[in-house]
Amino acid sequence: MTQQRRVRKAVFPVAGLGTRFLPATKAIPKEMLTVVDKPVIQYVVDEARAAGIEHFIFVTGRNKAVIEDHFDIQVELYDTLRKRGKLDELGNLQAMQPKPGQTSFTRQQEPLGLGHAVWCARELVGDEPFALLLPDMVMQHDKGCLTGMVEQYHKVGGNVISVEEVPEEETHRYGVVGVGEDISEDGFRINAMVEKPPMGTAPSNYFINGRYILQPEIFSILETQETGAGNEIQITDAMLKLAEKQDFSGYRFRGNTFDCGSKEGFIRANVSFALKRDDIRVKVEDDLRRMLDTLL
Ligand code: G1P
């Protein structure tokens, strides 16, 4: 078996305006909205780190500087926590802290689509495979979605796309893949890809859930990629072209995914992560039951 090049870098497109969450996102990036007590972007960066990622590349836009601050050291805060003996809090902050030189930030100057945002990271990624994580999608899983994908990548190489099933009537909202032969319990060959297929035309009900491992050849395709669905430059269209030359496998993710770009998904994420927390679970569960009893 040929040795695959390691996936060391991850790209996080965080340039979106977050208009669905106004007024909350007037002065705060949507990626900084909190699920329990961590910003959405932190869940996704933690997932990447757990999968072995060593370099975190953020494609940002105007009004996103606070994301950079969040991943920087806060000397005064760390000192105060130390002086007050709040060592658990300090330890938690230090554990999430990327090391010097592990983060890079570049701007997507115009909102031309996800494919364009990824292309903006080309110089920072260089000539090596990379992970792409869409921060709207927050995953809850013991192993971590990207960790499972990296394992599959080391077995089969090529490009790996994480997918999940959705009801057929929702496929038009996503990128959807066609399902070929199985290559493992969780993996299969992808034989079609389409971004936001019109109702009734999707090749399957497996949608792309926002996690990708891609080869660097995607960048030269993106360079000339024309606009597609929604009049935007789509990563799915570029992947379809790359699939003429390279293998694409699907990874069936078997955890919970919350679309934190939608209000319902964001609230579900908060409830679900709160119910997994030992410190607040019992109280939250009681409160939820009581609220539902009084409402229904
Ligand atoms: C993007 C991708 C799409 C994917 C989705 C997951 O779409 O283009 O293929 O299924 O994320 O959230 P967007 O949500 O930006 O419209």
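Quick note: numbers below take in every heavy atom, side chains included, and nothing from hydrogens, waters or symmetry partners. Note that ligands are numbered from 1 as they come in the structure, with each ligand's atoms numbered from 1 the same way.
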Undergrad: So that I know where these two stand, are Phe219 and Phe130 an aromatic pair - ring centroids less than 6.0 Å apart?
TA: yes

Undergrad: Below a 4.0 angstrom heavy-atom separation, can you tell me which part of Asp259, side chain or backbone, both or neither, approaches ligand 1?
TA: neither

Undergrad: Decide, yes or no, whether a salt bridge links Glu285 with Arg289 under the criterion of side-chain N to carboxylate O below 4.0 Å.
TA: yes

Undergrad: Under a 4.0 angstrom heavy-atom cut-off, which atoms of ligand 1 come close to Gly175?
TA: 3 (C), 4 (C), 9 (O), 10 (O)

Undergrad: Suppose I only count heavy atoms of Thr236 and a 4.0 Å limit; which atoms of ligand 1 are within that range?
TA: 9 (O)

Undergrad: At a 4.0 Å threshold, what atoms of ligand 1 neighbour a non-hydrogen atom of Gln234?
TA: 8 (O)

Undergrad: Hey, quick one: are Tyr174 and Ile233 part of the same hydrophobic cluster, counting side-chain heavy atoms closer than 4.5 Å, chains of contacts allowed?
TA: no

Undergrad: Does atom 9 (O) of ligand 1 have any protein heavy atom closer than 4.0 Å?
TA: yes

Undergrad: Around Glu169, counting heavy atoms of other residues, nucleotides and ligands shown, do more than 12 lie under 6.0 Å from its CD?
TA: yes

Undergrad: I'd like to know if Lys196 contacts ligand 1, where contact means a heavy-atom distance under 4.0 Å to any ligand atom.
TA: yes

Undergrad: Any heavy atom of Leu134 closer to ligand 1 than 4.0 angstrom?
TA: yes

Undergrad: Any ion pair linking Asp287 and Lys283 (charged N to carboxylate O, less than 4.0 Å)?
TA: yes

Undergrad: Counting each atom of ligand 1 from 1 as listed, which ones have a heavy atom of Met137 under 4.0 Å away?
TA: 12 (O)

Undergrad: Any luck finding a side-chain donor-acceptor pair between Lys241 and Gln225 under 3.5 Å?
TA: yes

Undergrad: Counting heavy atoms only, which of Arg211, Met239, Glu195 comes nearest to atom 2 (C) of ligand 1?
TA: Glu195

Undergrad: Looking at Cys260, is its backbone amide N or carbonyl O close enough to the side chain of Asp136 to form a donor-acceptor pair, meaning the two atoms are under 3.5 Å apart?
TA: no

Undergrad: Below 4.0 angstrom, counting only protein heavy atoms, does anything approach atom 14 (O) of ligand 1?
TA: no

Undergrad: Does the pair Glu54/Arg6 count as a salt bridge with the N-to-O cut at 4.0 Å?
TA: yes

Undergrad: Using distance alone, determine whether Phe207 and ligand 1 share an N or O pair under 3.5 Å.
TA: no

